[in-house]
Enquirer: 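Have a look at this one.
As the structure lists them, so they are numbered: ligands from 1, and atoms in each ligand from 1. Everything numeric in this text was worked out from a predicted model, so none of it was measured. Computed over heavy atoms, backbone and side chain alike; hydrogens, waters and symmetry mates excluded.
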Amino acid sequence: MTSPSGTIETPVLIVGAGPVGLALAGALGSRGVACLAIEQGEGPADHPRASAINARSMEFMRGFGCAPAVRAASAPEDFPHTALYCTSLTGYEIARIERPEHGGRGPTAVSPERAQRCNQIWLDPILRDLAAGFASVTLRYRCRFESLAEESNCVIATARDLATDAPVRIAAQYVIDCSGGHSPIRRAFDIPMSGSSHVGHHLSIFVRAPDLWKHHDKGKAALITFVEPQGLWRNLVILDGRELYRFGVRGKKFYDAPEAVDADRLFEEVVGTSVPHEVISIRRWTARNVVADSYRRGRVFLAGDAAHLNHPSSGLGLNTGFGDAIDLAWKLEGTLAGWGGAGLMDSYEIERHPVGVRNVGHAGATHDTDRSQNPHPEIAADTAAGAQARRALGEAIVKAQTAKFITDGIALGYRYEGSPICAPETDPPPPLTVSEYVPTTYPGSRAPHAWLADRRSTIDAFGRGFVLVRLGADAPDPSPVARAFAERSVPLTMLSMADPAIAKLYERRLVLVRPDGHVAWRGNELPANPRALADRVRGAA
Ligand SMILES: Cc1cc2nc3c(=O)[nH]c(=O)nc-3n(C[C@H](O)[C@H](O)[C@H](O)COP(=O)(O)OP(=O)(O)OC[C@H]3O[C@@H](n4cnc5c(N)ncnc54)[C@H](O)[C@@H]3O)c2cc1C
């Protein structure tokens, strides 16, 4: 809506329409919440970045109805998600980490969705189309955010229409900063970022090389890291599983003078032979492992890369950002609708900051292991010492780096421990895991997946309002909880799951699931004070 003074009025302004801004716009749109997303670029990015879309992000896509489109845009069903280490594609293999639970099209035992490899150059347009399809969402490209000022009941943002150079004034109740690692908002607020001070300098080279695997004996692999006497400084990441790759090269000298880089030579060196290929584009980027000390200033919230940055090798950046967007969307909906209490928006930082710290820490630690490798000088040589070095390094890599490539525990098992809007329990929580996901309904956890009788997943039953799940044949009558939620206009539906296997998986006879699919409370009996529970989970305790 535009006021007579020309100010655009919107409940939520999203600054930046990268994948996280677009996912947030889509999530708000799917909830009927009006928002405006402004993006300085002309459309989705055309140079590849993220490809690894983990199972939890795929569950979000499923909730949006986009999972089939993402799967169709992903690497082919039979393309292995193998992480391979070798001296060159025609040289020696050093290590191989298989990921049978990733890729493919069917469900796994723990999720209705498998992790996919769908690069942002295909994912972002899917998210843009999703967001643009909602009448309540406005996307405005070629519009650059410039500054903001907080007033008593709104934020006034100033932006510039890059087509006309005209200023744009926007009044928003909430501003979500999805403007990426260089966030002008985080800088304006002077919010420090803590973490590793190491900065890696990289070139990302977008290459077309049809049927590359026909020119070597290593077979198809999704991620290939080259082990050379000088260290591990080059890698190759599949994009479409057919002919497109992101070829990564680390080094300050390359970063400082990309125009002087002979990308064709660097590429053919790692292949080990001359192959038909074409360099499409080259971009510079820096890697840091840092998290903003605060995700909030008043009515302004940081999400995605604006809030946390990590080395991409464990595929956690975009996935963590999607988690931010999903957490924010229902809290904004509840707050704007009036049923959310004063503490609901506060809980965003309390819940998401620790996830950011954990994921960035994991990405940093596993990447450090690769970076600190000092391969034997004969690692690529046909000598006894070379063979021995390859064996030893291969074993060390598999031992240390499986946790870098298999992060299902991080993807599905993250938990909002200590959140003020989840009911605390006196029993200690189950341990957090990295590679293996262990289902639990411990408050703050993602409610586990199981198939319902109609071949829907339990995950499909969550995502709108709160859901109180009654498990087994003799779960207590939840009417007092329903009344308490209704008195406060908090959306709640009931769902009975009689299947004994699901009752066992869900660990209690009653489990209250939030609009983002995380458990807010569980018990075998009704809560002692249903009103207090309703107030806690809506942030009004
Ligand atoms: C080489 C590489 C590989 C990666 N691989 C993976 C992976 O496999 N899996 C994974 O999870 N993550 C990966 N990542 C990380 C992932 O790309 C980022 O985490 C993700 O793009 C962050 O999304 P975002 O929307 O927060 O920020 P961005 O993608 O940076 O988008 C921010 C947007 O804000 C816009 N913007 C900035 N300033 C303004 C302004 N003043 N006004 C208006 N608009 C503005 C920008 O133009 C941009 O479109 C990778 C990153 C790199 C560099």
Side-chain angles (χ1 to χ4, degrees), residues 13-25 36-54 56-57 81 102 115-121 123-124 127-128 139-148 157-162 168 170 175-188 200-206 222-223 235 237-239 245-250 282-288 292 302-325 356 359-360 363 367 404-405 407 410-411:
L13 170 66
I14 300 170
V15 177
V20 176
L22 289 170
L24 177 60
L36 164 66
I38 58 171
E39 162 60 47
Q40 64 186 1
E42 298 194 359
D46 57 3
H47 185 90
R49 289 204 285 160
S51 284
I53 312 303
N54 70 27
R56 185 64 177 142
S57 294
H81 284 215
H102 294 207
Q116 300 292 333
R117 297 197 66 78
C118 179
N119 195 269
Q120 280 180 245
I121 54 178
L123 179 71
D124 290 6
L127 292 170
R128 177 202 54 201
L139 291 180
R140 191 160 167 173
Y141 285 95
R142 299 198 70 195
C143 184
R144 174 175 294 143
F145 165 89
E146 289 185 342
S147 63
L148 57 74
T158 308
R160 187 157 300 277
D161 184 316
L162 297 179
V168 180
I170 304 158
V175 173
I176 314 301
D177 175 13
C178 299
S179 63
H182 298 288
S183 161
I185 295 178
R186 192 190 63 232
R187 284 159 198 252
H201 294 88
H202 300 258
L203 285 189
S204 164
I205 303 170
F206 187 14
L223 303 158
N235 67 7
V237 176
I238 65 119
L239 298 175
Y245 295 84
R246 188 172 57 70
F247 176 42
V249 175
R250 175 162 57 90
I282 301 180
R283 296 275 192 285
R284 308 184 316 164
W285 63 281
T286 54
R288 292 193 301 148
L302 273 50
D305 275 18
H308 41 76
L309 287 166
N310 59 258
H311 191 280
S313 57
S314 17
L316 289 172
L318 180 149
N319 290 301
T320 309
F322 277 172
D324 299 341
N359 292 1
V360 169
H367 177 61
K404 169 170 159 178
F405 298 110
T407 52
I410 287 182

Enquirer: Report yes if some N/O of Trp285 lies less than 3.5 Å from some N/O of ligand 1; otherwise report no.
Expert: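 Between Trp285 and ligand 1 (N or O atoms, distance only) the closest approach is not under 3.5 Å.
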
Enquirer: If you measure from each non-hydrogen atom of Leu316 to ligand 1, which part falls under 4.0 Å: side chain, backbone, both or neither?
Expert: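 It is the backbone that gets close, since no side chain atom is under 4.0 Å.
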
Enquirer: Counting only heavy atoms closer than 4.0 Å, does ligand 1 sit against the backbone of Ala45, its side chain, both, or neither?
Expert: neither

Enquirer: Is any side-chain heavy atom of Asn359 closer than 4.5 Å to one of His308?
Expert: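 No. Closest side-chain heavy atoms not under 4.5 Å.
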
Enquirer: N/O of Glu39 under 3.5 Å from N/O of ligand 1, yes or no?
Expert: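 Checking ligand 1 against Glu39, an N or O pair does fall under 3.5 Å apart.
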
Enquirer: In the protein, which heavy atom is nearest to atom 36 (N) of ligand 1, and how far is it?
Expert: Gln40 NE2, 3.6 Å

Enquirer: What atoms of ligand 1 come closer than 4.0 angstrom to any heavy atom of Gly304?
Expert: 26 (O)

Enquirer: Purely on distance, is any nitrogen or oxygen of Ala17 under 3.5 Å from one on ligand 1?
Expert: no

Enquirer: Looking at atom 27 (O) of ligand 1, what's its closest protein heavy atom, distance included?
Expert: Gly180 CA, 3.6 Å

Enquirer: Are side-chain heavy atoms of Val237 and Tyr245 found at a separation under 4.5 Å?
Expert: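 Answer no - side chains too far apart.
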
Enquirer: How far is atom 28 (P) of ligand 1 from the closest protein heavy atom, and which atom is that?
Expert: Arg49 NH2, 3.2 Å

Enquirer: With nothing but distance in play, are any N or O atoms of Gly315 less than 3.5 Å from an N or O of ligand 1?
Expert: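 Indeed, backbone or side chain, Gly315 has an N or O that close.
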
Enquirer: For Gln120 and Ala50, indicate whether the former's side chain and the latter's backbone hold a donor-acceptor pair under 3.5 Å.
Expert: yes

Enquirer: Restricting to non-hydrogen atoms, name the atom on Ser183 and the atom on Asp177 that form the minimum distance, rounded to 0.1 Å.
Expert: OG-OD2, 2.5 Å

Enquirer: Report the distance from atom CD1 of Ile53 to atom CG of Asn319, rounding to the nearest 0.5 Å.
Expert: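 If I round to the nearest 0.5 Å, the distance is 5.5 Å.
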
Enquirer: With rounding to the nearest 0.5 Å, note down the distance linking CZ in Arg117 to CG in Leu223.
Expert: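 Taking CZ in Arg117 and CG in Leu223, the distance rounds to 4.5 Å.
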
Enquirer: SG of Cys143 to CD1 of Ile170: how many Å apart, nearest 0.5 Å?
Expert: 5.5 Å

Enquirer: Does any part of the side chain of Asp161, heavy atoms only, come nearer than 4.5 Å to the side chain of Arg140, both counted from C-beta?
Expert: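 Yes, at least one pair of side-chain atoms sits under 4.5 Å.
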
Enquirer: Looking at Pro184, which atoms of ligand 1 are within less than 4.0 Å of one of its heavy atoms?
Expert: 41 (N)

Enquirer: Against heavy atoms of Gly18, which atoms of ligand 1 measure under 4.0 Å?
Expert: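 Those atoms are 25 (O), 31 (O), 33 (C), 49 (O).
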
Enquirer: Quick one: CZ on Arg128 to CG on Leu139, what's the gap to the nearest 0.5 Å?
Expert: 8.5 Å

Enquirer: In chain order, what residues pass the ring pair (Phe, Tyr, Trp, His ring centres under 6.0 Å) check against His182, with sequence neighbours excluded?
Expert: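 Ring pair (Phe, Tyr, Trp, His ring centres under 6.0 Å) list for His182, sorted by chain: empty.
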
Enquirer: For ligand 1, which atoms, with element, lie under 4.0 Å from some heavy atom of Arg246?
Expert: 1 (C), 3 (C)

Enquirer: Would you check whether Arg144 has a nitrogen or oxygen atom less than 3.5 angstrom from a nitrogen or oxygen atom of ligand 1?
Expert: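 Checking ligand 1 against Arg144, no N or O pair falls under 3.5 Å apart.
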
Enquirer: Give the atoms of ligand 1, by number and element, whose distance to some non-hydrogen atom of Gly317 is under 4.0 Å.
Expert: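 Taking each heavy atom of Gly317 in turn, ligand 1 has 10 (C), 11 (O), 12 (N), 19 (O) under 4.0 Å.
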
Enquirer: Check this for me - ligand 1, Leu318, N or O atoms closer than 3.5 angstrom, yes or no?
Expert: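 N/O-N/O distance under 3.5 Å: yes.
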
Enquirer: Any nitrogen or oxygen of Gly181, side chain or backbone, less than 3.5 Å from one on ligand 1?
Expert: no

Enquirer: Would you compute the distance between atom CD1 of Ile205 and atom CD1 of Ile282 and round it to the nearest 0.5 angstrom?
Expert: 5.0 Å

Enquirer: Treating Asn119 as the side-chain partner and Arg49 as the backbone partner, does any N or O pair qualify as donor plus acceptor under 3.5 Å?
Expert: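 Flag set: sc Asn119 to bb Arg49 pair under 3.5 Å.
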
Enquirer: What protein heavy atom lies closest to atom 2 (C) of ligand 1? Include the residue and the distance to one decimal.
Expert: Pro312 CG, 3.7 Å

Enquirer: Checking side chain to side chain donor-acceptor pair (under 3.5 Å) against Ser204, which of Arg246, Arg283, His47 comes through?
Expert: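 Going through Arg246, Arg283, His47 one by one, the side chain to side chain donor-acceptor pair (under 3.5 Å) with Ser204 is satisfied by His47 alone.
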
Enquirer: Should Glu39 and Leu22 count as side-chain neighbours, where that means a heavy-atom distance under 4.5 Å?
Expert: no

Enquirer: What is the nearest protein non-hydrogen atom to atom 23 (O) of ligand 1, stated with its residue, atom name and distance?
Expert: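 Atom 23 (O) of ligand 1 sits closest to the protein heavy atom Pro19 CG, 3.4 Å.
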
Enquirer: Between Ser204 and ligand 1, is there a nitrogen or oxygen pair with a distance under 3.5 Å?
Expert: no

Enquirer: To the nearest 0.5 Å, tell me how far Leu318 CG sits from Asn54 CG.
Expert: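 Nearest 0.5 Å value for the CG-CG distance: 9.0 Å.
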
Enquirer: Which ligand 1 atoms are under 4.0 Å away from a heavy-atom of Asn319?
Expert: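 Contacts of ligand 1 toward Asn319, numbered from 1: 11 (O).
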
Enquirer: Using a 4.0 Å cut-off to any heavy atom of Val20, which atoms of ligand 1 qualify?
Expert: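 This gives 23 (O), 24 (P), 25 (O), 26 (O) as the contact atoms.
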
Enquirer: Decide whether the shortest distance between a heavy atom of Gly321 and an atom of ligand 1 is less than 4.0 Å.
Expert: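 Not so, Gly321 does not reach ligand 1.
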
Enquirer: Students should be able to answer this: which protein heavy-atom is nearest to atom 32 (C) of ligand 1, and at what distance?
Expert: Cys178 O, 3.4 Å

Enquirer: Does Gln120 approach ligand 1 within less than 4.0 angstrom via side chain, backbone, both or neither, non-hydrogen atoms only?
Expert: side chain

Enquirer: Identify, by atom number and element, the atoms of ligand 1 in contact range of Cys143, meaning under 4.0 Å from any of its heavy atoms.
Expert: 43 (C)

Enquirer: For atom 19 (O) of ligand 1, what is the closest protein heavy atom, and at what distance to 0.1 Å?
Expert: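 Residue, atom and distance for the closest contact: Asp305 OD1, 2.7 Å.
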
Enquirer: Measuring only between side-chain heavy atoms, which start at C-beta, is Ser179 closer than 4.5 Å to Phe145?
Expert: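 Ser179 vs Phe145: side chains apart.
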
Enquirer: In the protein, which heavy atom is nearest to atom 13 (C) of ligand 1, and how far is it?
Expert: Ala50 CB, 3.2 Å

